[in-house]
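This report concerns only the one structure given below.
Letters A, B, ... are given to chains in the order of the sequence lines, protein chains preceding strands, and every chain is numbered from 1. Just so it is clear, the structure is predicted and the values come from calculations on it, not from any experiment.
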Amino acid sequence: MSSTNWNLEPSLESTAVVQLQEQYDLYIDGKWQAPQEKKYFATSNPADESHLSNIAWATEADVAIAVKAARNAYENVWSKLSGAERGKYLFRIARLMQEKSRELAVLETLDGGKPIKESRDIDLPLACNHFFYYAGWADKLSAAFPGKRIESLGVAAQITPWNFPLLMLAWKIAPALACGNTVVLKPAETTSLTALKFAEICQEADLPAGVVNIVTGHGDTGALLVSHPDIDKIAFTGSTAVGKQIQKACIGTNKKLTLELGGKSANIILEDAPIDQAVEGVVNAIFFNQGHVCCAGSRLFVQESIAARVIEKLKFRLQSIYVGNPLDKNTDIGAINSKKQLETIERYIQLGQEEGAEIYQPACKLPSKGYYCPPTLFTDVAQSARIAQEEIFGPVLAIQTFRTIDEVLQKANNSPYGLAAGVWTDKGARIFGLSSQLQAGVVWANTYNKFDPASPFGGYKESGFGREGGLHGLSAYLKITQ
Amino acid sequence: MQPNQHLKLQEILAQVPPIDQIGSLERVAKIQSRSLKGPTKLHGLRMALSMIDLTTLEGKDTPAKVRQLCYKAQHLHVTSPELPTVAAICVYPTMVGIAKKALENSKIKVAAVSTAFPSGQAPFEVKKIDTLYAIENGADEIDMVISRGHFLAGEYSYVFDEIAAIKALCGTARLKVIFETGELDSLDQVRRISDIAIAAGADFIKTSTGKIQPAATFPVVLTMLGAIKDHHDRTGQMIGMKPAGGISSAKIALQHLLIVKEVLGEAWLTNEWYRFGASSLANDLLMQYQKQLTGKYQSASYFSID
Amino acid sequence: MEILKTYKLYIGGQFPRTESGRSYQIQSAAGQAIANACLGSKKDIRNAVQAARKAQTGWVNKSAFNRSQIIYRIAEMLESRKVQFIDELMLMGQTEQSAVEEVQLSIDRLVYYAGWADKYQALSSSVNPVSSSHFNFSVPEPMGVVGVVACQKTALLGLISQTIPLLVGGNTVVVIANTLKALSAISFAEVLATSDVPGGVVNILTGDVAEMLPTLAGHMDVNALSLSTIPEDLSRSAQEAAIDNLKRCQLYHLDFSAPQNQGLQFITDFLEIKTTWHPIEQVASGIGGY
C-alpha cells in the first residue's frame with residue numbers, strides 16, 4: 001500500500017474555555033476601576049485580526065492612584081505580613097493558575113498569536129512554576145543571604161513585553177511579592193488580557209487589596225509609571241532603546257533597576273557536534289515563539305567543514321514546520337504578534353536580500369488573514385550585514401560560517417548585546433572552554449531556549465542587567481546590607 | 001574482508017556522528033505532541049496495518065499456529081474487508097514452508113528470523129545454514145541478528161563481514177538486520193551499528209528481537225532513522241526501517257509514523273520501506289479504526305485473536 | 001635643596017607623563033607646593049582604557065589563587081613602604097594618627113580582599129535544580145573594564161576600597177584618583193608596579209575629575225562605573241553618558257573607614273552572573289540530576 005500526502009488535519013483547540021468581557025478596566029487596590037479619562041483601546045487577535053476586547057488606557061491620574069494603592073498596601077499590609085504568610089498567598093495564586101491553565105493558555109494564544117502548543121506546554125507551566133518557586137523563598141530570605149540585613153524595597157513598577165505576557169508577569173510579580181514588595185504592573189498593549197485574568201486570580205486568591213495592581217495602556221502609561229516619584233524599584237523587559245530611556249529616568253533617584261533587553265545571540269555548531277540534535281537546537285533557537293524571543297539564537301555560526309550539511313538538514317527540517325493558526329495544536333509557528341512587528345520583520349527580510357545574503361523559505365501556505373511570516377534562513381551572511389547585527393525579533397536566521405574556534409569566539413562576542421549563546425560540540429572540555437569565554441548571561445550547551453524558575457536569566461552588556469529566576473533573582477527585589 | 005571493503009568501513013566509522021540522548025528525547029516529545037484527527041488518523045491507522053510484520057516467534061510455535069496467524073494476516077477484521085492486509089508474516093525458518101503455503105494466494109511476504117535468532121550466539125557456519133534453509137523454503141525476507149558480543153567488543157569488521165556474507169546468501173530476498181538495541185548501551189552505539197549495517201548491505205535495519213527490553217524506544221528509532229536519512233542524502237539509496245518490540249498500541253504506532261514522516265519524509269510511508277514487528281498491534285489498530293468509524297470505544301471481545 | 005618628585009600617570013604598567021603635557025600643583029594643607037602631578041586628559045583616559053581592555057583577559061584567566069597571591073603581595077609591598085605613605089598623607093595635611101590609621105587600614109583591607117579572590121565564587125555561584133534533565137549552574141564573571149572615580153575625601157583608603165574588590169573579581173580598572181591628594185595614588189601605583197600586578201590591570205590617572213570623567217563615562221569599551229561622592233551635576237552627566245552602552249553604575253557615598261564598608265558585595269557589585277545549561281544523559285534507566 002503506498003501513501004501520498006499524509007497531511008495533518010487542523011486540530012483546533014476550543015476557545016469555549018475563555019470568557020472575555022467586552023471591556024476591561026484597571027485593576028487597582030483590589031477593585032476594577034474605570035480609567036479617569038475614560039479612554040480605552042482595542043486589542044485584537046493577530047491570527048485573524050478579529051477584535052477581542054477593549055482595554056483601559058491608564059493616564060497620569062490612574063498611575064498615581066495605582067502607585068498610591070500599592071504604597072498603602074505595602075506600608076499597612078504586605079510589609080507587615082510574615083514571609084510564611086506571603087508565601088501562602090503565592091502558593092495559592094500558583095494553584096489557581098494551574099487550575100485555570102487551559103483558559104490562560106488559550107487566551108495567551110488568542111491575544112498574542114503564539115502556538116497553543118507552546119502556551120499550553122511552556123508558557124503556562126513555567127509561569128505557574130515560577131510562582132511555586134518563589135512562594136517557597138518568601139520565608140527563607142534570611143537563609144538566602146546569611147549574615148546580611150535584608151529589607152524589601154517598597155513599590156515595584158514592572159513593565160512586561162508582548163512575547164511571553166503571562167510568563168514575564170510571573171517572572172516579575174512572583175519574586176517581588178515573595179520579597180515583600182507590592183507591585184504596579186503594566187503589560188504590553190497588544191497582550192494585556194492574561195494580565196487582567198491574573199488580576200481576577202489575585203481577587204479569587206483574596207490577595208490583600210493593592211498588593212498587585214494592573215494598569216494597562218501604551219508606552220506612555222509605562223513611562224508615567226517608571227517616572228512616578230513614589231516607586232522604589234523598576235523591572236523592565238523590552239527593547240534596549242526603551243531600557244536606556246528608563247535607565248536615564250532613574251538617574252538621581254533611589255529606584256533600583258533591573259533591565260532585561262534585546263539580544264542577537266550566537267548559536268555555534270562545531271564540526272564534532274551531535275548534528276541532528278544541533279539542527280533541532282537551531283529550530284528551537286530561532287523559531288520558538290515566532291522568533292519573538294529576546295534570547296533567540298538569531299545568529300547561527302557553523303564550522304565550515306559541516307556547513308553545507310547543516311544547512312541542507314535545516315532546509316529539510318523546515319519542511320515539517322507548520323505555520324498557521326496558533327490555535328491548531330499542530331502549529332509550530334503561529335502569528336506574528338502585530339502588524340507593526342510583521343512589517344519590521346519583512347523589512348529585515350528585504351534588507352537581507354539587498355545585502356546579498358541568500359534567502360531560503362520553505363513553501364508554506366499562510367492564512368489569508370492575520371500576520372504571518374514563514375521560517376526564513378539567510379545563508380552567506382557577513383558579520384557586517386545588518387541582519388547579522390540587529391535584533392529582528394522574528395523567525396529569521398542569519399547563518400555565518402567560521403573556520404576556527406578563535407574566530408567564532410571573536411565573532412560571537414562581536415556584538416553590543418550579551419544575552420545568550422549556544423554551543424554545540426561533543427567535547428566537554430571545549431564546551432567549558434568556549435562557554436566561559438562567551439560574553440552572555442546564559443549559555444546553552446547542546447541545547448537552546450531552556451528556561452526554569454530555578455535558573456537565573458539575564459544579560460551582559462546592552463542586553464540589560466540584573467537576573468530573574470533562581471536564588472540570584474531575589475536580590476533584584478531586596479535591599480541587602482551588611 | 002577485502003582491502004577496499006576495509007577502507008570503506010574505516011571511512012564509515014570515522015563519520016559516525018555523536019548522538020545527544022536528551023536532545024533526541026526532546027525531538028521525540030515534540031513529534032509526540034502532534035495531534036492526529038479525522039481522515040489523517042484513519043489513513044494513519046490503515047497505513048500502520050499494512051506495515052505490520054505479523055509475528056510469532058515462540059519455542060512452542062506449531063504449523064497449526066502459524067496457519068492460523070496466516071489466516072488472520074489476510075483477514076484482519078471480517079467486518080472491514082476494505083482494510084489492507086499486513087505486510088508480512090514473521091516466523092522461524094522451520095515455519096517458512098508452512099507460511100508460504102498458507103499465504104500462496106496473497107501478496108503477503110514471509111519473513112524468517114535467522115542467524116541463530118535471537119541471541120546470534122552460533123558459529124558462522126550455523127548461521128549460514130540457518131539462512132540458506134529459510135531462503136530455500138521460500139522466505140521473501142531474512143531478519144538476521146547481529147553478533148552483539150562482537151560489536152560491543154569493538155570487532156566492527158567482524159560484524160560488517162557477517163552482515164555482508166548473509167546479504168550475499170539472500171539473493172532476491174530482502175535483508176533486515178536486527179541490532180537488539182536493548183543490549184547496545186547508548187544511542188551512539190545504535191548510530192554506529194546503523195551505519196555499519198547499512199554499509200554492509202542491509203535493506204532494512206530493525207531495532208529488536210522482541211525478546212529483550214527495552215526494545216523499539218522512540219530515541220532509538222529516531223537515531224536509526226537519522227542514519228537512514230544521512231545515507232539517503234549521501235547516496236540517494238533508500239533503506240527500510242523496522243521497529244519491533246513493545247509497539248502494542250495504535251497510539252505508539254501512529255507516533256512512529258509521524259516520526260518517519262518528519263525525519264525521512266513521506267516516501268518511506270509504505271510497507272516497502274517501513275514495517276512494524278508486532279504480535280498484538282493489529283487488534284489495537286483495528287479497534288481504533290472502528291472507533292474512528294463509529295465514534296464508539298471498542299471492546300477486545302469483538303476482535304479475533306490469533 | 002630638596003628634589004621635588006614628579007608624580008606621573010600609571011597606564012599599562014608604565015609611568016608616562018600625560019600626553020597633554022600639563023601638570024598641576026599638589027599642595028599641603030597650608031597651601032605650599034609639595035609636588036607636581038600630571039593633569040590627565042581625554043587621551044590619557046583613552047590610552048588607559050585600551051590598556052585595561054588588553055589586560056582584562058589575561059587577568060581573569062589567572063587562577064583565582066594566583067590573583068589572591070598577587071593582591072596579598074600588594075599588601076606586603078605597601079607594608080614595606082608604610083613610612084612613605086604616612087609621610088605623604090601628613091604632607092597633604094593629615095595628622096600623624098589619622099595617617100597611620102589610614103595606611104594601616106589600607107593594608108588590612110588589601111589582606112582582607114586578597115583572601116576573597118578564591119572564595120567569592122563559591123558564595124555567589126549556584127547549582128540550580130531545573131526540572132529538565134540538564135546540569136544548570138550559575139557562576140560569577142567580571143564585568144570587564146571598570147571606570148572608577150576614587151573617593152575624593154581619602155587619598156589612599158577609598159582608592160583601595162573601591163579598586164581592589166574589582167580586581168578580586170577579575171575586572172581591570174581605570175581610576176581617576178583623588179584630585180587634590182594625588183600623591184598617595186601615584187605612590188600606590190609604584191607599589192602595584194612592583195607587586196606582580198600585570199601592566200594594565202590597574203591604571204591610575206591624576207587630574208581634574210570634571211575633565212576626564214565624561215570621557216571615561218562615555219567610553220563605549222568601559223563596562224561599568226564606580227563613582228564616589230562627586231558634585232551632583234558631574235555624577236548625573238556621567239550616569240547619562242554611561243547609558244550609551246548600558247554601563248552598570250555603582251554610587252558609593254561611603255565612609256570607607258567604617259568596618260561595614262568592606263565586604264563581599266563590593267566584589268559582587270561588579271560581577272555578572274552566567275548560567276550554563278548542559279544535558280545530563282540518563283544512564284541505566286535512571287534520571288540523573290544535580
Side-chain angles (χ1 to χ4, degrees), chain A residues 1-13 115-118 120-122 269-284 287-288 306 308-310 312-313 315-322 327-332 424-428 444-450, chain B residues 17-31 33-44 46-51 83-87 107 187-188 191 222-223 225-227 229-230 233-234 254 257-274:
Chain A
M1 176 182 163
S2 72
S3 155
T4 45
N5 294 331
W6 191 41
N7 290 328
L8 299 187
E9 300 281 314
S11 176
L12 295 183
E13 179 70 43
I116 184 69
K117 183 165 78 176
E118 289 177 7
R120 180 194 66 202
D121 297 344
I122 298 172
I269 306 182
L270 301 175
E271 62 182 2
D272 70 333
I275 193 164
D276 286 331
Q277 289 75 51
V279 166
E280 199 55 29
V282 173
V283 170
N284 291 339
F287 302 125
F288 173 51
I306 55 160
R309 190 84 187 98
V310 167
E312 180 189 11
K313 279 173 175 277
K315 286 178 177 174
F316 179 78
R317 176 67 181 87
L318 290 199
Q319 291 168 16
S320 51
I321 286 186
Y322 293 78
L327 282 170
D328 184 342
K329 290 175 221 168
N330 288 318
T331 290
D332 298 306
W424 298 83
T425 162
D426 203 39
K427 193 162 183 171
W444 284 292
N446 292 336
T447 186
Y448 206 101
N449 269 345
K450 288 279 177 304
Chain B
I19 306 293
D20 184 74
Q21 181 208 46
I22 301 303
S24 301
L25 284 164
E26 288 174 0
R27 177 77 181 104
V28 166
K30 263 200 207 175
I31 301 176
S33 77
R34 295 233 180 264
S35 171
L36 286 177
K37 283 235 152 58
T40 314
K41 186 165 184 181
L42 214 51
H43 187 54
R46 275 198 300 263
M47 274 197 301
L49 280 169
S50 76
M51 291 167 168
L83 286 174
T85 66
V86 299
K107 289 179 176 169
L187 295 179
D188 297 284
R191 174 65 198 226
L222 181 72
T223 303
L225 295 179
K229 171 76 175 141
D230 285 345
D233 285 354
R234 237 184 344 250
L254 290 174
L257 294 184
L258 278 172
I259 294 178
V260 173
K261 175 178 158 66
E262 295 210 3
V263 176
L264 293 177
E266 296 192 7
W268 267 264
L269 287 178
T270 102
N271 61 13
E272 196 186 348
W273 299 111
Y274 198 81

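Heavy-atom distances place no part of A/A278 under 4.5 Å from chain B, backbone and side chain included. When heavy atoms are compared at a cutoff of 4.5 Å, A/D276 approaches chain B solely by way of its side chain, counted from C-beta outward. If you measure heavy-atom distances from B/L187 to chain A, you find no contacts under 4.5 Å at all. Interface remark: A/Q319 contributes no atoms to any contact with chain B (heavy atom separation under 4.5 Å). Within the 4.5 angstrom heavy-atom criterion, no atom of B/D188 approaches chain A. Heavy atoms closer than 4.5 Å to chain A are found nowhere in B/I22, neither backbone nor side chain. In this structure, chain A has heavy atoms under 4.5 Å from both the backbone and the side chain of B/K37. For A/K427, no part lies under 4.5 angstrom from a heavy atom of chain B. Only the side chain of A/D332 comes within contact range of chain B, judged by heavy atoms closer than 4.5 Å. In this structure, chain A has no heavy atom under 4.5 Å from any part of B/L222.
Judged by distance alone, with hydrogens and angles left aside, the side-chain atoms of A/N284 form no donor-acceptor pair with the main-chain N or O of A/N449 at under 3.5 Å. The main-chain N or O of A/K450 is found under 3.5 Å from a side-chain atom of A/W444 such that the two form a donor-acceptor pair. Formation of a donor-acceptor pair under 3.5 Å by the A/E9 side chain with backbone atoms of B/P39 is not found in this model. Distance alone, capped at 3.5 Å, places no donor-acceptor pair between the A/D328 side chain and the A/L12 backbone. Here the side chain of B/T40 pairs a donor or acceptor atom with the backbone of A/N7 at under 3.5 angstrom.
Geometric assessment of B/K229 against the ring of A/F316 yields a positive cation-pi assignment under the 6.0 Å and 45° thresholds.
Ranked by heavy-atom pairs shorter than 4.5 Å toward chain B, the options A/D121, A/D426, A/N446, A/I275 are led by A/D426. Contact count versus chain B (heavy atoms, under 4.5 Å) is highest, among A/K329, A/K117, A/R309, for A/R309. By number of non-hydrogen pairs under 4.5 angstrom with chain B, the leading residue of A/E312, A/R317, A/K313 is A/R317.
Once rounded to the nearest 0.5 Å, the distance linking CE of B/M47 with CG of B/L269 reads 5.0 Å.
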For A/E280 and B/K30, what are the C-alpha separation, side-chain angles and deciding distance, and is it a salt bridge (charged side-chain N to carboxylate O under 4.0 Å, His left out)? CA-CA 10 Å; A/E280 199 55 29; B/K30 263 200 207 175; 2.6 Å; yes
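Counted by atom type alone, A/N330 and B/S35 present zero donor-acceptor pairs between their side chains at under 3.5 Å.
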